2 protein chains.
Amino acid sequence: MPAQNDAMSETHAGIENLTEALREAGIRVTRQRAALLSVLAAADDHPDAPELHRRAENEVPGISLSTVYRTLSTLESQGVIQRHQFEGAPARFEPVEAGHHDHMIDVETGNVLEFCSDRIEKLQAEIAAELGYEIVHHRMELYVRKVTGPA
Amino acid sequence: MPAQNDAMSETHAGIENLTEALREAGIRVTRQRAALLSVLAAADDHPDAPELHRRAENEVPGISLSTVYRTLSTLESQGVIQRHQFEGAPARFEPVEAGHHDHMIDVETGNVLEFCSDRIEKLQAEIAAELGYEIVHHRMELYVRKVTGPA
DNA sequence: TTGACAGTTGCAACTCATTCGCATTTGCAT
DNA sequence: ATGCAAATGCGAATGAGTTGCAACTGTCAA
């Protein structure tokens, strides 16, 4: 575990909590998992598996891609991270941390912005209820393009 | 072209129009494409490619799965059908016919219901606009479960 | 009708993202 | 320290969909 002993950044404080939580869930905290957790916590974009693998290799040089995939699945089922399957792209991941939100994908750049609308959520619930359903979860993605100022 | 000569069902009237439209778009109307068009027009569910292949085989026995995939892509880019990629499932298709709508997927049965909410669409546009974007297209899926009457 | 030829087809081989089997290694409770 | 189930790395396998290519076939002009 190179370069980092006592001084713990706020980023890592959250990880320490998670580490403990995972251990209690009977999930071993291996070097590769710790690496992925820190990489995920540090990410403010929405990286896909190969990208996370690349980033994790800095901390754990030989880490294999299958381990990355396996760990991502594990973390997802632990509710630690979320998997997003945007159109025509490999799955991308993000830590749950903040609450629920939806996504806006810039079709030009691939950038992902987050947003949340209580009003929409409420309408969704109403629509489902009207048909006798309750929402288990939902997915809303806006594929957008930057508006070029009025020519 | 077996079993069907003069009497044309209302289902096929729409297809005849399409046939002409495609021809004009420089797209040959082959037996396999005609078959897929009629199968799609007749479908009121949201079939995936292998299922469409199965159904099309009634009309064109030897049709290959690759042709089905290729044709679906062609029809999609012609705006004749829409492709939907729901969670953890192969793509499913539906004719465009009616206007835009969103989907509700019963997580228990896999059934797909359609719905549409102008209010939500409006809110989406507002949200995008606030951030300086315009919506190219969007995707909204509600994964739902039937509400069991109050126990 | 007949050609001609570009668009299509069927097949098999391929891609890409992700998963799996298995022998080896390793957290971690004791 | 020690045991052992859980996790890893490797490579092979999967599933959905795509693609190269030779043979075929709509379609349009003659």
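The shown structure was predicted, so the numbers you read here are calculated from the model rather than taken from an experiment.
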Checklist line | Atom-pair distance (CG on B:Leu72; C1' on D:dA16), nearest Å | finding: 13 Å
Item checked: Nearest-angstrom distance from the residue atom CD of A:Gln85 to C1' of D:dG15 -> 14 Å
Notebook entry, point to check: So which nucleotide from D:dC21, C:dA17, D:dT8 ends up closest to the side chain of A:Tyr69?
Noted result: C:dA17
Check: Which one, D:dA16, D:dG26, C:dT18, comes nearest to the side chain of B:Arg31?
Finding: D:dG26
Note to self: Which nucleotide wins on minimum distance to the side chain of B:Arg23, given the candidates D:dC28, C:dT9, C:dA17?
What the structure shows: D:dC28
Next item on the list: Go through the side-chain N and O atoms of B:His100 and B:Gln82 and say whether any donor and acceptor fall under 3.5 Å apart.
Entry: no
Note to self: If I take atom CZ in residue B:Phe86 and atom C1' in nucleotide D:dA16, what distance separates them, rounded to the nearest angstrom?
What the structure shows: 17 Å
Check: Are A:Ser38 and A:Glu59 close enough that a side-chain donor and a side-chain acceptor fall under 3.5 Å?
Finding: yes
Item checked: Rounded distance (Å) that lies between atom P of C:dA17 and atom NE2 of A:His53 -> 14 Å
Checklist line | Shortest non-hydrogen separation from B:Arg145 to B:Val107 and the atoms involved | finding: CB-CG2, 4.5 Å
Margin query: In this structure, how many angstroms lie between the C1' atom of C:dC11 and the CD atom of B:Gln32, rounded?
Written below: 14 Å
Note to self: Evaluate B:Glu141 against B:His84 for side chain to side chain donor-acceptor pair (under 3.5 Å), listing each step before the verdict.
What the structure shows: CA-CA 10 Å; B:Glu141 291 151 22; B:His84 299 294; 5.9 Å; no
Check: Roughly, in whole Å, what's the span from CD in A:Glu20 to P in C:dG27?
Finding: 16 Å
Checklist line | 5' precedence on DNA chain D between A:Thr67 and B:Arg70 (nearest-nucleotide basis) | finding: A:Thr67
Check: In whole Å, what is the span from the CD1 atom of B:Ile63 to the P atom of C:dC11?
Finding: 11 Å
Check: Do B:Arg33 and C:dG7 share a donor-acceptor pair, side chain to base, under 3.5 Å?
Finding: no
Item checked: B:Met104 backbone acceptor or donor facing A:Tyr133 side chain under 3.5 Å -> no
Checklist line | A:Leu22 CG to C:dA29 C1', straight-line distance once rounded to whole Å | finding: 17 Å
Margin query: Students often get this wrong, so: under 4.0 angstrom with heavy atoms, is A:Ser66 touching a base, only sugar-phosphate, or nothing?
Written below: base
Margin query: Any base atoms under 4.0 Å from B:Ile27, or only sugar-phosphate, or nothing? Heavy atoms, all strands.
Written below: sugar-phosphate
Item checked: Comparing A:Val29 and B:Gly26 on DNA chain C - which has the more 5′ nearest nucleotide -> B:Gly26
Check: Among the nucleotides D:dG9, D:dA7, C:dC11, which one has an atom lying closest to any side-chain atom of A:Thr30?
Finding: D:dA7
Margin query: With a 3.5 Å cut-off and heavy atoms only, can you find an N or O donor on one side and an acceptor on the other between the side chain of A:Arg28 and the base of D:dA5?
Written below: yes
